[in-house]
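Hydrogens, waters and symmetry mates play no part in the numbers below; they use all other heavy atoms, side chains included. The sequence lines fix the lettering, A, B, ..., with proteins before strands; numbering per chain opens at 1.
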2 protein chains.
Amino acid sequence: MFQALADPNRRQMVQRLCEGPASVSELAQPFQMTLSAVVQHLAVLEGAGLVRTQKIGRVRTCQLDTQALRAAERWISERRALWERRFDRLGAFLAEQDVKEGDGA
Amino acid sequence: MFQALADPNRRQMVQRLCEGPASVSELAQPFQMTLSAVVQHLAVLEGAGLVRTQKIGRVRTCQLDTQALRAAERWISERRALWERRFDRLGAFLAEQDVKEGDGA
DNA sequence: TGGTTGGTGAAGCATGAGCTTAAGTATCGC
DNA sequence: GCGATACTTAAGCTCATGCTTCACCAACCA
């Protein structure tokens with residue numbers, strides 16, 4: 001999942017898909033690379049659950065699936081919150097220590 | 001940044017650092033790998049701005065820096081929101097297409 | 001019907017990521 | 001001072017990743 005978002009090209013594809021569904025060729029258009037390469041990136045994104053695709057006739061249409069994005073967002077925000085809460089506690093503790101220091105000794 | 005979080009070992013380190021600062025050796029303890037390898041992971045995390053470290057005497061202490069986490073969170077949530085807003089506008093239509101495709105043909 | 005378009009699949013190649021070993025440096029405790 | 005501790009640095013090895021080429025199939029359309 002993070003693996004999938006690690007590549008700049010794939011992030012750009014996600015970016016593109018934010019603006020609406022696209023066929024494989026449309027998705028490949030802004031890139032220099034081969035259609036083959038694009039399809040491989042697409043496979044990674046799909047494997048990570050970031051993108052869903054369906055083929056109609058000979059054209060495969062891709063769109064974002066926000067489930068995985070949600071999961072990633074949650075992972076990050078949980079950890080951030082955890083650390084920041086800890087930091088607050090530490091801050092309070094240090095402040096208290098300070099008070100005691102300045103006061104007692 | 002996403003690159004840095006792409007590796008499971010590094011995510012585990014981040015996890016560990018959520019619970020408080022740690023020295024390099026402490027951080028390395030749960031892993032099978034060499035201290036060297038851990039330091040290399042640490043360098044990646046630090047390079048991504050996820051971790052800050054300072055060396056006192058001969059021990060280097062590491063702690064989370066939530067700035068980068070915040071940035072990642074923002075990137076994801078912006079894109080998710082963008083797509084979901086779009087989905088709301090187009091949603092009924094696309095969903096209907098989906099149903100017809102998957103069901104009828 | 002046959003050419004063009006849109007995508008698929010496999011093979012191969014170059015680079016980089018993740019790890020190890022090994023040797024080195026700076027501190028700490030005795 | 002001297003050995004142990006806590007890293008640091010460099011080199012090398014292996015396997016995964018990102019890409020290309022090429023052959024191929026399937027649908028569209030003139």
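- Atom CD in A:Gln3 sits roughly 18 Å away from atom P in D:dC15 (whole-Å rounding).
- Side-chain contact annotation: A:Gln54 with A:Arg60, donor-acceptor N/O pair under 3.5 Å absent.
- Counting heavy atoms from C-beta on, the side chains of A:Gln63 and A:Leu17 never come closer than 4.5 Å.
- For B:Gln32 and C:dT21, the CD to C1' distance is 17 Å, given to the nearest whole Å.
- For C:dG6, the OP1/OP2 oxygens have no side-chain nitrogen or oxygen of A:Lys55 closer than 4.0 Å.
- Within the structure, every side-chain polar atom (N or O) of B:Ser25 is placed at least 4.0 Å from both OP1 and OP2 of D:dT5.
- OP1 or OP2 of C:dT8 has at least one side-chain nitrogen or oxygen of A:Arg60 nearer than 4.0 Å.
- Counting to the nearest Å, the C1' atom of C:dG16 and the CG atom of A:Asp7 are 13 Å from each other.
- Between the CD1 atom of A:Ile56 and the P atom of D:dA27 there is a distance of 13 Å, rounded to whole Å.
- Atoms CG (A:Leu42) and P (C:dG9) sit 12 Å apart, rounded to a whole Å.
- Contact annotation: side chain of A:Gln40 to base of D:dT20, donor-acceptor pair present below 3.5 Å.
- A donor-acceptor contact under 3.5 Å links the side chain of A:Arg58 to the base of D:dA27.
- With respect to the salt-bridge test (charged N to carboxylate O, under 4.0 angstrom), the residues A:Arg70 and B:Glu84 qualify.
- Closest approach to the A:Leu35 side chain among D:dC7, C:dT20, C:dT8 is made by C:dT8 (side chain taken as heavy atoms from C-beta onward).
- Taking for each of B:Arg10 and A:Val24 the nucleotide of DNA chain C with the nearest heavy atom, the 5'-most of the two is the partner of A:Val24.
- Rounded to an integer number of Å, the gap from CD of B:Gln29 to C1' of D:dC7 is 16 Å.
- If you take CE of A:Met13 and C1' of D:dG18, they are 11 Å apart, rounded to a whole angstrom.
- Nearest heavy atom pair, residue A:Leu64 against residue A:Val14, reads CD2-CG1, 4.0 Å.
- For A:Ser36 against D:dT21, a side-chain N or O and a base N or O form a donor-acceptor pair under 3.5 Å.
- Under 3.5 Å, the side chains of A:Arg80 and B:Thr66 contain no donor-acceptor pair of N or O atoms.
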